[in-house]
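Have a look at the structure below before the remarks.
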Amino acid sequence: MKYSFDEKVDRIGSNCLKWDLINRTYNDSEIIPLWVADMDFKVPEEIGDAIRKRLEHPIFGYSLTPPSYYKAAINWFDKRFQWKVEKEWMKFAPGVVPGLKTIVAAYTKPGDEIIIQTPVYHPFYSIIKNNGCQVVENTLTCKDGRYEMDFDNLEKIITKKTKMIILCSPHNPVGRVWTVEELKMVGEICIKNNVLVVVDEIHADIVYKPNIHTVFASINEEFANNSIICTAPNKTFNIAGFKTANIIIKNEKLRNQYILQMEKDCIEGATTLGAVAQEAAYTSGEEWYQGLMEYLAGNIDFTLEFFDKRIPKIKIRKPEGTYLLWLDCSGLNMKPEELSNFFLKKCKVWLNDGSMFGHDGAMFQRMNIGTSRVVLQEALERIEREVNKL
Ligand SMILES: Cc1ncc(COP(=O)(O)O)c(C=O)c1O
């Protein structure tokens, strides 16, 4: 194996949000950050090589996006998901979150209702509200730690004002990889009720066997024509800093509405280096990616076993996808507001408060296991020590 994910890479001093914000916020360099969703692994060498090659040219004016950029992504989607995409369907966004903002603005007007399935990635709430729309929650049901969509409730909450549902697939923070059957159920309800399906598939590549990610738009023509798929290499290859995402819209009428909104939002194409990074990732990143998946799966098994044997008061269901664990901390018998202090100040491990993802997440913390095993082990031992003192 050419890559060692075991190497502990020091990110401090690289203006890294995850590690450098610790000192700027808490002035405590002991804290281990396992919060924001990026990983502590070096990216594939081929990405660095491609960027270095581009740097040999000393001018960085406005760029065109080359055909090879599209080809690389189209090949990746086909190989990974058997999803056939045409170049014309691929539109740019400077990140999935900005893309979602443009999408909401393009297809809704203030006062419209947008459904999200909670607990869910927190910017979904703010994007909807900041566009003047109303958040309507279809709370996920939870059986033995496994979350499911509530289809009966979904049908009930749709009104004439409901214009859109935003799906998170795979789902951050609960780690579900939705099955084809589940996606079909939600897709059919939306077609029947004229609701546009926007699918954030940024975690699509981070899926553990035997689970399989199905691209919503690949299920059938009707779904392809009633959906917008948001993808990016950002999570997969740890290149979120390049701010490059792909918004894929098969339906020409919907695509033109997005293009119009892009103009209003002054969004053009990928940055010079963002385009280079994405193309290199999708062209040459396969071997690194396979190694990553093996390492992440090992981290998940390691962490789950640790909690099970040594910190059984905290319960976790094995995630089907994402490198994020959803920790049920109700067994600690703390008030929700005490949880974050406990992890941050006592354990000195920085997690995300579950309440960020919705009121039903109050007794949870989200843990990012995308780091070297030594860092993970140290964080887990700290949590164990403090839980034992309770
Ligand atoms: C579901 C989901 N969507 C989008 C993003 C952020 O995407 P981007 O950095 O491309 O805006 C994240 C990051 O954690 C995420 O988990």
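Every value quoted in this text rests on a predicted model; they were computed, and no experiment measured them. In each ligand, atom 1 is the first atom listed, and ligand 1 is the first ligand listed.
- With a heavy-atom cut-off of 4.0 Å, Ala37 touches ligand 1 through its side chain alone.
- Heavy atoms from both the backbone and the side chain of Val97 come within less than 4.0 Å of ligand 1.
- For the 3.5 Å distance criterion, the side chains of Gln257 and Gln261 fail to qualify, holding no donor opposite an acceptor.
- Between Trp89 and Phe77, the ring centre distance reaches or exceeds 6.0 Å.
- Note: Ile115 CD1 to Leu154 CG = 5.0 Å, rounded to the nearest 0.5 Å.
- Taking the six-membered ring where the residue is Trp, the centroids of Trp178 and Phe216 are separated by 6.0 Å or more.
- Remark: the Asn138 side chain and the Asn153 side chain contain an N/O donor-acceptor pair separated by less than 3.5 Å.
- Annotation for ligand 1: atoms under 4.0 Å from non-hydrogen atoms of Asn172 are 15 (C), 16 (O).
- Among the atoms of Pro98, none of the N or O lies under 3.5 angstrom from an N or O of ligand 1.
- Between Cys168 and ligand 1, a contact under 3.5 Å exists for no N or O pair.
- Remark: the Gln365 side chain and the Asp353 side chain contain an N/O donor-acceptor pair separated by less than 3.5 Å.
- When Tyr121, Phe124, Phe242 are ranked by how near their heavy atoms come to atom 4 (C) of ligand 1, first place goes to Tyr121.
- The nearest protein atom to atom 1 (C) of ligand 1, hydrogens excluded, is given as Asp200 OD2, 3.2 Å; this is a heavy-atom distance.
- If you number the atoms of ligand 1 from 1 as listed, the ones under 4.0 Å from a heavy atom of Lys235 come out as 12 (C), 13 (C), 14 (O).
- Close placement of the Tyr295 and Phe41 rings is indicated, their centers lying within 6.0 Å of each other.
- When heavy-atom distances to ligand 1 are checked against a 4.0 Å cut-off, Lys243 has no atom that comes that close, whether in backbone or side chain.
- Counting protein heavy atoms only, atom 9 (O) of ligand 1 is closest to Asn234 ND2, 4.1 Å.
- Note: Tyr121 and Phe124 have perpendicular aromatic rings, judged against thresholds of 30 and 60 degrees for the angle between ring planes.
- Between His203 and ligand 1, an N or O atom pair is found at a separation short of 3.5 Å.
- When only non-hydrogen protein atoms are considered, atom 8 (P) of ligand 1 lies nearest to Val96 N, 3.4 Å.
- Side-chain contact check for Thr118 and Glu137: at least one donor-acceptor pair (N or O, by modelled atom type) lies under 3.5 Å.
- The atoms of ligand 1 that sit less than 4.0 Å from any heavy atom of Gly95 are 10 (O), 11 (O).
- When only non-hydrogen protein atoms are considered, atom 7 (O) of ligand 1 lies nearest to Ile202 CD1, 3.2 Å.
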